[in-house]
Amino acid sequence: MLSGLLSIFKKKTTLAQFSRENIPIHVAIIMDGNGRWAKGRGLPRIAGHKVGAESVRSAVKTCAELGIKYLTLYAFSTENWKRPKEEVSFLMGLLTEYISSEIPELRQNKVRIRFLGRIQELPIELQEKIRFAESETKNNTRLNVQVMLNYGGRAEIVDALNAINNEQSPNDTINEELIGKKLYTAGIPDPDLLIRTANEMRVSNFLLWQIAYAEFYVTKTLWPDFRREHLVNAVQEYQKRKRKFGALG
Ligand code: IPE
Ligand code: IPE
Ligand code: MG
């Protein structure tokens, strides 16, 4: 009872202190630690993925409330196929289920959802759900959520260069602007804040091109435990950073 009251109080003070200035436009998250969360409770790894879906819901809601315009979530990497096939098919099923169940709330909160990566290699049923969710939410502008699926930063750059190679006349100059336009994230500003949970200090092939000047925030919190207050803390830490982009501060 007392701890319940204390946690409400703590949450309120955190939000009361929250400054609306210098809010990141784009937050990207490497959602890690589902397996460790489950293992710590003597549960199978998939239990961590299930609770992790709750954290996704919470992150989407919190970003919409804070006025963040873009949220990019790393859900399945091009390397995650190396996991046992039972875990991979559980994750594909969970995603298929998640997409269907979330559409009403996404629409209600005016959230646009997109799925970026080598989508054509995913199970057909999942691809159909993806197309449906994208078209149902395409006119929403409050928050743009990108779920990166079968995504690799290197694969994305390779796909962009192949697209340039196939479409452009040989005289066209390749420059940063052209590459940016051919990435899956074309039209989306680069992330301002990159969060990784579960205390891993690596990028794991995420948004290699786009994170050139993103601010990193690593937390020990495991993804299934990551809730509103953790995201607020990350944004508050971001608000204290001095970004220089190579110039003198
Ligand atoms: C992140 O949690 C989810 C995916 C990569 C799909 P992990 O499953 O990587 O959890 P850990 O790192 O083993 O704890
Ligand atoms: C990165 O997490 C991929 C996703 C969060 C989808 P991993 O757990 O796959 O990364 P590594 O293997 O620890 O680098
Ligand atoms: Mg991991």
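Not measured: the values here are computed from a predicted model. Atoms within each ligand, like the ligands themselves, are counted from 1 in listed order.
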Chemist: Give the minimum heavy-atom separation between W81 and N150, together with the two atoms involved.
Modeler: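 Heavy atoms only, the tightest pair is NE1-OD1, 2.8 Å.
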Chemist: Give the residue, atom name and distance (to 0.1 Å) of the protein heavy atom nearest atom 9 (O) of ligand 2.
Modeler: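 It is N80 ND2, 2.9 Å.
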Chemist: Please state which protein non-hydrogen atom is closest to atom 13 (O) of ligand 2 and give its distance, to 0.1 Å?
Modeler: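 For atom 13 (O) of ligand 2, the nearest protein heavy atom comes out as R202 NH2, 2.8 Å.
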Chemist: Please say whether S204 places an N or O atom under 3.5 Å from an N or O atom belonging to ligand 2.
Modeler: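 Yes - when backbone and side-chain N and O of S204 are compared with those of ligand 2, one distance drops under 3.5 Å.
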Chemist: For Q210 and E156, does a side-chain donor sit closer than 3.5 Å to a side-chain acceptor?
Modeler: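 Note: Q210 and E156 side chains meet the donor-acceptor criterion.
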Chemist: Do the side chains of L116 and L149 get nearer than 4.5 Å, heavy atoms only?
Modeler: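 The answer is no, as the side chains (C-beta and beyond) never meet within the 4.5 Å cut-off.
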Chemist: Starting from atom 5 (C) of ligand 2, find the nearest protein heavy-atom neighbour and note its residue, name and distance.
Modeler: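 Here the nearest protein heavy atom works out to M31 O, 3.3 Å.
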Chemist: Is there at least one pair of N or O atoms, one from R83 and one from ligand 2, spaced under 3.5 Å apart?
Modeler: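 In this structure, R83 places an N or O atom under 3.5 Å from an N or O of ligand 2.
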Chemist: Specify which N/O/S atom of D32 comes nearest to the Mg ion (ligand 3), by atom name.
Modeler: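 In D32, the N, O or S atom with the shortest distance to the Mg ion (ligand 3) is OD1.
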Chemist: Identify, for atom 2 (O) of ligand 2, the protein heavy atom at the shortest distance, and state residue, atom and that distance.
Modeler: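 Looking only at protein heavy atoms, the one closest to atom 2 (O) of ligand 2 is R196 NH2, 3.7 Å.
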Chemist: Quick check: does E200 have an N/O/S atom under 2.8 Å of the Mg ion (ligand 3)?
Modeler: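 So E200 does not count as coordinating the Mg ion (ligand 3).
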Chemist: Would one find an N or O of E200, backbone or side chain, under 3.5 Å from an N or O of ligand 2?
Modeler: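 Checking ligand 2 against E200, no N or O pair falls under 3.5 Å apart.
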Chemist: So if I count the atoms of ligand 1 from 1 in the order they appear, which ones are less than 4.0 Å from some heavy atom of A75?
Modeler: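 Counting from 1, the qualifying ligand atoms are 6 (C).
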Chemist: Can you list the ligand 2 atoms lying under 4.0 Å from a non-hydrogen atom of F76?
Modeler: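 So the answer, numbered in order with elements, is 6 (C).
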